[in-house]
K.L.:
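This is the structure I have questions about; it appears just below.
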Amino acid sequence: MGINDLFSLSGKTAIVTGGGKGLGAEMASALASAGANVVVCSRDLEACQLVADQLKKCGVGSLAFKCDVTDQKEIENVVRETIKEFGKIDILINNSGTSWIGPALELPEEKWDKVMDVNVKGVFLFSQAVAKEMIKQGSGKIINIASVTGFGGTQPELLDTIAYNTSKGAVMTFTKDLAIKLARHNIQVNAIAPGFFPTKISQKVIDKANSYILSQIPSRRFGKAEDLHGATVFLASSASDYMIGHVLVMDGGISSLV
């Protein structure tokens, strides 16, 4: 297989949750540029439809769906309609996420539950639904979006998001365990752990402590959306067929600091 074939996604079909905005939309664009049909879904159907219309300009098929990733029936609808249109699901990117900023000892229980439901339960439910279809076809790629915050604690002056940090640590462990469970079915499960990328979730933190955050990043810059393009295509393609349960860090060097 030639190098171009290794990274080609021609004829593949992907689902990207939270694909209507931010990094989800960028990863969906990367997949489409590599030749994949892409289904984008989130609670914001209008945003997803705008992305789907753009992706079609790459010459691929694209659908948009309204989907709450904590709702099993809505997930099953996305899976069912994707298979109905494209015949299979080769790639799943679990990107939907939420956060809550505030002192750990004052975090309301319902906010903790919401973060856990979206960031952990949603990843589980969507992976479960899609993996059943991938097992039938004997192949698949599941990419979970974690975060460098999931590796440990953060100073509250920098990031006071204990529920988010905890949920992303859970996503990493979930990725490794599910990867082992599905490896025998020729399904590779891996994760991407971004550092500081300007998104809806992180923008408030970046605006508040811009210079301090930059001083903590060895590359001295925030991540760009396109910084994730290569990692996304790599983990979605045959180039990563022997990578199982890996967390690919894209953080400008933060996690390499001692």
Side-chain angles (χ1 to χ4, degrees), residues 14-24 27-28 39-45 47-48 64-83 89 91-102 104 107-135 140-153 159-182 185 187-194 199-202 235 245-247:
I15 295 176
V16 181
T17 72
K21 298 176 182 177
L23 298 183
M27 289 186 285
V39 174
V40 289
C41 61
S42 76
R43 290 179 298 173
D44 189 341
L45 177 59
C48 287
F65 293 101
K66 183 179 185 301
C67 183
D68 178 347
V69 296
T70 68
D71 188 318
Q72 195 166 26
K73 289 185 178 180
E74 291 191 13
I75 291 171
E76 290 172 351
N77 178 64
V78 173
V79 171
R80 181 173 56 253
E81 291 301 315
T82 299
I83 292 174
I89 302 171
I91 303 151
L92 168 66
I93 298 185
N94 283 308
N95 170 69
S96 287
T98 191
S99 184
W100 186 263
I101 301 172
L107 179 69
E109 178 182 357
E110 64 270 18
K111 300 304 180 184
W112 172 275
D113 289 343
K114 180 181 179 181
V115 173
M116 292 300 163
D117 280 351
V118 175
N119 295 5
V120 184
K121 180 182 177 181
V123 171
F124 163 67
L125 290 177
F126 230 116
S127 296
Q128 186 181 57
V130 170
K132 290 176 182 178
E133 300 302 324
M134 289 179 170
I135 287 175
K141 303 278 186 175
I142 297 177
I143 305 168
N144 299 321
I145 304 306
S147 166
V148 290
T149 64
F151 286 113
L159 205 59
D160 215 353
T161 54
I162 192 167
Y164 181 81
N165 296 17
T166 302
S167 72
K168 292 304 183 178
V171 168
M172 292 182 188
T173 301
F174 173 80
T175 296
K176 292 177 180 294
D177 196 44
L178 186 65
I180 293 171
K181 304 293 194 290
L182 298 182
H185 300 289
I187 299 169
Q188 293 81 50
V189 184
N190 295 288
I192 299 174
T199 65
K200 182 180 179 181
I201 290 179
S202 66
L235 291 180
H246 183 73
V247 179

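The structure presented is a predicted model; accordingly, all values stated were derived computationally and were not measured. The figures here come from the full heavy-atom set of this structure, side chains too, leaving out hydrogens, waters and symmetry mates.
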K.L.:
Is the count of non-hydrogen atoms from other residues, nucleotides or ligands lying under 6.0 Å from Ile162 atom CD1 greater than 12?
P.N.:
no
K.L.:
If you compare all heavy atoms of Ala146 against all heavy atoms of Met172, which two are closest, and at what distance to 0.1 Å?
P.N.:
CB-CG, 3.9 Å
K.L.:
For atom CD of Glu109, decide whether the heavy atoms of other residues, nucleotides or ligands shown that lie under 6.0 angstrom number more than 12.
P.N.:
no
K.L.:
Does the side chain of Leu182 come within less than 4.5 Å of Ser127's, by heavy atoms?
P.N.:
no
K.L.:
What pair of heavy atoms forms the shortest contact from Val189 to Ala179, and how long is it?
P.N.:
O-CB, 3.4 Å
K.L.:
Can you tell me how far CZ of Phe124 sits from CD1 of Ile75, rounded to the nearest 0.5 angstrom?
P.N.:
9.5 Å
K.L.:
Asp160: what forms a side-chain contact (heavy atoms from CB on, under 4.5 Å) with it, not counting sequence neighbours?
P.N.:
Pro103, Pro156
K.L.:
Do you know the tightest heavy-atom contact between Met134 and Ile91?
P.N.:
CE-N, 3.8 Å
K.L.:
With Lys141, which residues qualify under salt bridge (Lys or Arg N to Asp or Glu O under 4.0 Å), at least two apart?
P.N.:
Asp241
K.L.:
The criterion is side chain to side chain donor-acceptor pair (under 3.5 Å); which residues satisfy it with Ser42, sequence neighbours excluded?
P.N.:
none
K.L.:
On a heavy-atom basis, which atom in Ala163 and which in Leu107 lie closest, and how many Å separate them?
P.N.:
CB-CD2, 3.9 Å
K.L.:
Supply the atom-to-atom distance Thr173 OG1 to Lys168 NZ, rounded to the nearest 0.5 angstrom.
P.N.:
13.0 Å
K.L.:
First locate atom CG of Asn190, then atom CG of Leu235, and finally report the distance between them rounded to the nearest 0.5 Å.
P.N.:
5.5 Å
K.L.:
Please identify each residue that fulfils side-chain contact (heavy atoms from CB on, under 4.5 Å) with Asp117, with sequence neighbours left out.
P.N.:
Thr70, Lys121
K.L.:
According to side chain to side chain donor-acceptor pair (under 3.5 Å), who are the partners of Thr149, at least two apart in sequence or on a separate chain?
P.N.:
Ser147
K.L.:
Atom CH2 of residue position Trp112 - does it have more than 12 heavy atoms of other residues, nucleotides or ligands inside 6.0 Å?
P.N.:
yes
K.L.:
Do any pairs count as a salt bridge (Lys or Arg N to Asp or Glu O under 4.0 Å) and have a residue in residues 64-83, sequence neighbours left out, and if so which ones?
P.N.:
none
K.L.:
Applying side-chain contact (heavy atoms from CB on, under 4.5 Å), can you list everything that pairs with Val120, at least two apart in sequence or on another chain?
P.N.:
Met116, Ser167, Ala170
K.L.:
How long is the straight-line distance from CE of Met27 back to CD1 of Ile143, given to the nearest 0.5 Å?
P.N.:
8.0 Å
K.L.:
With rounding to the nearest 0.5 angstrom, report the OG1 to CG distance, Thr82 to Asn77.
P.N.:
8.5 Å
K.L.:
Working to the nearest 0.5 Å, report the span between CD1 of Ile15 and CZ of Phe65.
P.N.:
8.5 Å
K.L.:
Tell me, please, which residues at least two apart from Lys132 pass side chain to side chain donor-acceptor pair (under 3.5 Å).
P.N.:
none
K.L.:
Do Asp177 and Lys181 have side chains that approach each other closer than 4.5 Å (heavy atoms only, starting at C-beta)?
P.N.:
yes
K.L.:
Quick one: side-chain contact (heavy atoms from CB on, under 4.5 Å) partners of Thr17, sequence neighbours excluded?
P.N.:
Cys41, Val69, Leu92, Asn94, Asn95, Ser96, Phe126
K.L.:
Among Leu23, Asn144, Ile145, which one satisfies side-chain contact (heavy atoms from CB on, under 4.5 Å) with Ile93?
P.N.:
Ile145
K.L.:
Keeping the roles fixed (side chain from Asn165, backbone from Gly150), state whether a donor-acceptor pair exists under 3.5 Å.
P.N.:
no
